[in-house]
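First the structure, in the form of structure tokens, and then the observations on it.
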Amino acid sequence: MTGSGAALDALGDPNRREILRLLAGGGRSVQEIADRLPISRPAVSRHLKLLRGAGLVVEEPRGTRRVYRLHDDGVRAVEEYLRQVWGSVATRFRMAAENLPEAEER
């Protein structure tokens, strides 16, 4: 993966997020994914190509089909990025909250 930036960009589209949600349940072919989305099979293929380029999915040949599944390394990179960002936000929020003067009772 070229970094969490490409993966986060890929997650900006709701159809791609839905594809990842579907793949979280296991590998699927393009047709299986297209059957569950309101977009065409060629559109699904384009989304999968982008997700593959971002390192979030891998494709495996199975007979005459290509089956897509989540790429563990790509998913871990996004998780780690979010953990770093949100972990630091949570820490700063807690520090700020602990240092606020108590509200006066009315």
Side-chain angles (χ1 to χ4, degrees):
M1 185 166 122
T2 59
S4 59
L8 292 173
D9 288 345
L11 294 174
D13 182 87
N15 288 312
R16 288 192 290 270
R17 290 192 303 271
E18 183 62 16
I19 289 169
L20 292 177
R21 190 189 68 72
L22 290 169
L23 294 178
R28 296 180 187 264
S29 70
V30 174
Q31 188 61 57
E32 290 171 323
I33 296 168
D35 288 345
R36 298 183 183 271
L37 295 175
I39 58 176
S40 68
R41 183 180 168 159
V44 168
S45 292
R46 287 189 297 273
H47 285 299
L48 285 166
K49 181 178 180 181
L50 195 146
L51 289 167
R52 195 167 37 108
L56 293 172
V57 301
V58 293
E59 83 180 321
E60 301 171 344
R62 290 194 190 158
T64 59
R65 300 182 313 156
R66 300 246 178 239
V67 173
Y68 290 83
R69 65 174 178 79
L70 293 179
H71 187 272
D72 294 338
D73 292 342
V75 173
R76 265 194 298 277
V78 171
E79 286 176 337
E80 180 59 28
Y81 172 80
L82 292 174
R83 189 175 298 111
Q84 288 173 358
V85 170
W86 289 109
S88 117
V89 167
T91 300
R92 288 193 308 265
F93 178 77
R94 186 177 60 248
M95 289 173 58
E98 289 171 352
N99 291 312
L100 287 176
E102 290 187 32
E104 293 180 26
E105 291 185 32
R106 294 184 183 190

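Numbering starts at 1 and runs along the sequence shown.
Proximity of His47 to Leu37: side-chain heavy atoms (C-beta onward) are nowhere separated by under 4.5 Å.
Salt-bridge formation is not detected for the pair Glu79/Arg76: no Lys NZ or Arg NE/NH1/NH2 atom is positioned less than 4.0 Å from an Asp or Glu carboxylate oxygen.
In the hydrophobic clustering of this structure, Leu56 groups with Leu22; members are Ile, Leu, Val, Met, Phe, Trp, Tyr whose side-chain heavy atoms approach within less than 4.5 Å, directly or through other members. Criterion: ILVMFWY side-chain heavy atoms under 4.5 Å apart, direct or through other members. Under it, Ile19 and Leu11 are part of a common hydrophobic cluster.
The shortest heavy-atom contact between Leu70 and Ala24 is CD1-CA, 3.7 Å. In terms of heavy atoms, Glu32 sits closest to Gly27 at OE1-O, 4.4 Å. Closest of all the heavy-atom pairs between Val30 and Ser45 is CG1-OG, 3.5 Å. A pairwise comparison of heavy atoms in Ala10 and Leu51 identifies CB-CD2, 4.0 Å as the closest pair. Across every non-hydrogen atom of Leu48 and Val57, the tightest pair is O-CG2, 3.8 Å. The two residues Arg41 and Ala34 make their nearest non-hydrogen contact at CA-CB, 3.9 Å.
The environment of CZ in Arg36 is sparse: at most 12 heavy-atom neighbours from other residues, nucleotides or ligands sit within 6.0 Å.
Put simply, CZ on Arg46 and CD1 on Ile39 are 8.5 Å apart, with the number rounded to the nearest 0.5 Å.
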Side chain to side chain contact (heavy atoms under 4.5 Å, CB included) between Leu23 and Arg28, intermediate numbers included
CA-CA 7 Å; Leu23 294 178; Arg28 296 180 187 264; 4.0 Å; yes
Stepwise side chain to side chain contact (heavy atoms under 4.5 Å, CB included) test for Leu20 and Val75
CA-CA 10 Å; Leu20 292 177; Val75 173; over 6 Å; no
Side chain to side chain contact (heavy atoms under 4.5 Å, CB included) assessment of Arg16 paired with Leu50:
CA-CA 9 Å; Arg16 288 192 290 270; Leu50 195 146; 3.8 Å; yes
Quick one, Val58 with Asp72, criterion side chain to side chain contact (heavy atoms under 4.5 Å, CB included). Give me CA distance, side-chain angles, the key distance, then yes/no.
CA-CA 9 Å; Val58 293; Asp72 294 338; over 6 Å; no
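Under the rule for a salt bridge (charged side-chain N to carboxylate O under 4.0 Å, His left out), the partners of Glu60 that lie at least two apart in sequence or sit in another chain are Arg62, Arg69.
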